[in-house]
Amino acid sequence: MTKRITVLGATGSIGEATLDLVRANRDQFEVVALTANTRVEDLIALALEFRPQCVALGDTQGADRLASALAGSGIDWAVGEEAVIDAARRPADWTMAAIVGAAGLKPTLAAAEQGGAIALANKEALVCSGVLFLDTCARFGTRVLPVDSEHNAIAQALANNRRHDVRKIVLTASGGPFRSSSLAEMGQASVETALAHPTWSMGAKISIDSATMMNKGLEIIEACHLFDLEHNRVEVLVHPDSIVHGLVEYCDGSWLAQLGSPDMRTPIAHALAFPQRMAADIAPLDLAKIGTLRFEAPDELRFPALRLARDAFAAGGGLAAVLNSANEVAVAAFLNGHIGFLEIAQCVETCLDQATKDGLNQWSMTCFEEVFSADTYGRDQAGRALQALMRA
Ligand code: NAD
Ligand code: MG
């Protein structure tokens, strides 16, 4: 039986890796919908290759190009934010949620509400809507399969063991390009060096998040939600080799870990074939050649984003959503050359302080309107904080 699948964010790094696995196992999958934001030519090429029922492009300017390229193909197409949401709503057995940022929340929710499994790469959606998102999935009988490599590793290491017996979980972090840099060096970092991740090849936003370690901060929150743990039972361990992706410590002193080459196709394949497994063409892991696996404690002085994320989650209410949206704005400003690298975390901290003063930690976050309001609040505050930073 073929699995009907949808890929949200089909032209991105995770979308591409997903379709690579589908390409190698073409007879097992039927593609329902593919979506993208601006890369119209890439979306057209994918549409003609995978023959989905429909494609949707966020950017309305691509309409003419889609119309001419897909005329007579039998593939439905549409443009705009609502079109992406409608594509996500089409019945599918499995949806890859791989739009970057909070922009992925509405399409991911639409996919969750049609009841097929959600392979969740879009951690930002979960960070800002947390329990509400998972409750919505539960209400529609939607299974959430973690794709983030660390969370996928933890899910595998938890397997059928009793949650009650878990002492803590450990998310590994590569440490990013500035793992051994001084604060002074980080202050001068260029966009190119910040984007040059030592072990993983990823989209721009997550690459910068890895350099600030905000990615790991977001992942702490993601793990607390996915595995229903208090944040003090979720640890971060720097592991520059990116071979061990996640570990679980049990009450009897046993540690279970998942290992693999740093290739996102492994966790994606795990989610795509779940509860079975599928073959994936991954470079073999040669531990004898690697020889040594290194581990170090994270440095929260040079990487304050870790502390900011933990504190935002612990404070509760809308603070995680503010953390996320303020970070998105600050990362975009860094990528556009408006602020320095260290100012990303400074901007986020300023926004969180103001959000606490404004009582957002008291918000109940029991409806999506509150999630969207907290997201907008964070974007507005970050805009102000950036203006102050740029004037200074
Ligand atoms: P990317 O930038 O390579 O791709 C992002 C995708 O989202 C593109 O297809 C783009 O068209 C789409 N998109 C962007 N803005 C949109 C909008 N406003 N509306 C509709 N579509 C939009 O990003 P990526 O590296 O593939 O990451 C995607 C998600 O997966 C992120 O949430 C990231 O944190 C997560 N993730 C990525 C990796 C990785 O290795 N790349 C690992 C773990 C988790
Ligand atoms: Mg990760």
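Atoms within each ligand, like the ligands themselves, are counted from 1 in listed order.
- The ligand atoms of ligand 1 that sit less than 4.0 angstrom from a heavy atom of Gly9 are 6 (C), 7 (O), 9 (O).
- In this structure, Ala98 is part of the shell of residues with a heavy atom less than 4.0 angstrom from ligand 1.
- Heavy atoms of other residues, nucleotides or ligands lying less than 6.0 angstrom from CZ of Arg379 number more than 12.
- With distances taken over non-hydrogen atoms, the option nearest atom 24 (P) of ligand 1 out of Ser149, Pro262, Ser13 is Ser13.
- The pair Arg265-Asp20 meets the salt-bridge criterion, with a side-chain N (NZ, NE, NH1 or NH2) lying under 4.0 Å from an Asp/Glu carboxylate O.
- Interface of Ala36 with ligand 1, defined as ligand atoms under 4.0 Å from a residue heavy atom, comprises 11 (O).
- Atoms of ligand 1 lying under 4.0 Å from any heavy atom of Gly12, numbered from 1 in the order shown and given with element: 1 (P), 3 (O), 4 (O), 8 (C), 9 (O), 26 (O).
- Regarding atom 2 (O) of ligand 1, its nearest protein heavy-atom neighbour is Gly203 CA, 3.9 Å.
- Less than 4.0 angstrom separates some heavy atom of Ala121 from each of these atoms of ligand 1: 30 (O), 32 (O), 35 (C), 36 (N), 44 (C).
- For ligand 1, the atoms lying closer than 4.0 Å to a non-hydrogen atom of Thr11 are 8 (C), 9 (O), 11 (O).
- Below 4.0 Å from some heavy atom of Asn122 lie the following atoms of ligand 1, by number and element: 32 (O).
- The neighbour count for Glu81 CD, taken as heavy atoms of other residues, nucleotides or ligands under 6.0 Å away, does not exceed 12.
- Ligand 1 lies less than 4.0 angstrom from a heavy atom belonging to Lys123.
- Checking Ile99, Val100, Ile206 against atom 20 (C) of ligand 1, the nearest heavy atom belongs to Ile99.
- Taking atom 27 (O) of ligand 1 as the reference point, the nearest protein heavy-atom neighbour is Ile14 CG1, 4.2 Å.
- Considering only heavy atoms from C-beta on, Asp76 comes within 4.5 Å of Arg90 through its side chain.
- Residue Asn232 places its CG atom among more than 12 non-hydrogen atoms of other residues, nucleotides or ligands, all under 6.0 Å distant.
- Counting non-hydrogen atoms of other residues, nucleotides and ligands closer than 6.0 Å to CD of Glu49 gives a total above 12.
- Given atom 18 (N) of ligand 1, the protein heavy atom at minimum distance is Ala103 CB, 3.5 Å.
- For atom 43 (C) of ligand 1, the closest heavy atom belonging to the protein is Asp148 OD1, 3.1 Å.
- At a heavy-atom cutoff of 4.0 Å, ligand 1 is contacted by both the backbone and the side chain of Met202.
- A 6.0 Å sphere centred on CG of Asp64 holds no more than 12 heavy atoms belonging to other residues, nucleotides or ligands.
- The side-chain contact (heavy atoms from CB on, under 4.5 Å) test with Val322 is passed by exactly one of Asn361, Asp358, Leu352: Leu352.
- Look at Glu124 and you'll find a heavy atom under 4.0 Å from some atom of ligand 1.
- Heavy-atom proximity to atom 15 (N) of ligand 1, evaluated over Thr35, Asp263, Asn37, Leu218, is greatest for Asn37.
- Per residue Asp148, closest N, O or S atom to the Mg ion (ligand 2): atom name OD1.
- Considering all non-hydrogen atoms of both residues, Ala92 and Thr6 come closest at CB-OG1, 3.8 Å.
- Salt bridge annotation for Lys205-Asp209: present, with a cationic side-chain nitrogen under 4.0 angstrom from a carboxylate oxygen.
- The closest side-chain heavy-atom distance from Arg65 to Trp77 is not below 4.5 Å.
- The pair Glu249-Arg167 counts as a salt bridge, with a side-chain nitrogen and a carboxylate oxygen less than 4.0 angstrom apart.
- With the Mg ion (ligand 2) as vertex, Glu219 OE2 and Glu150 OE1 subtend 100°, rounded to 10°.
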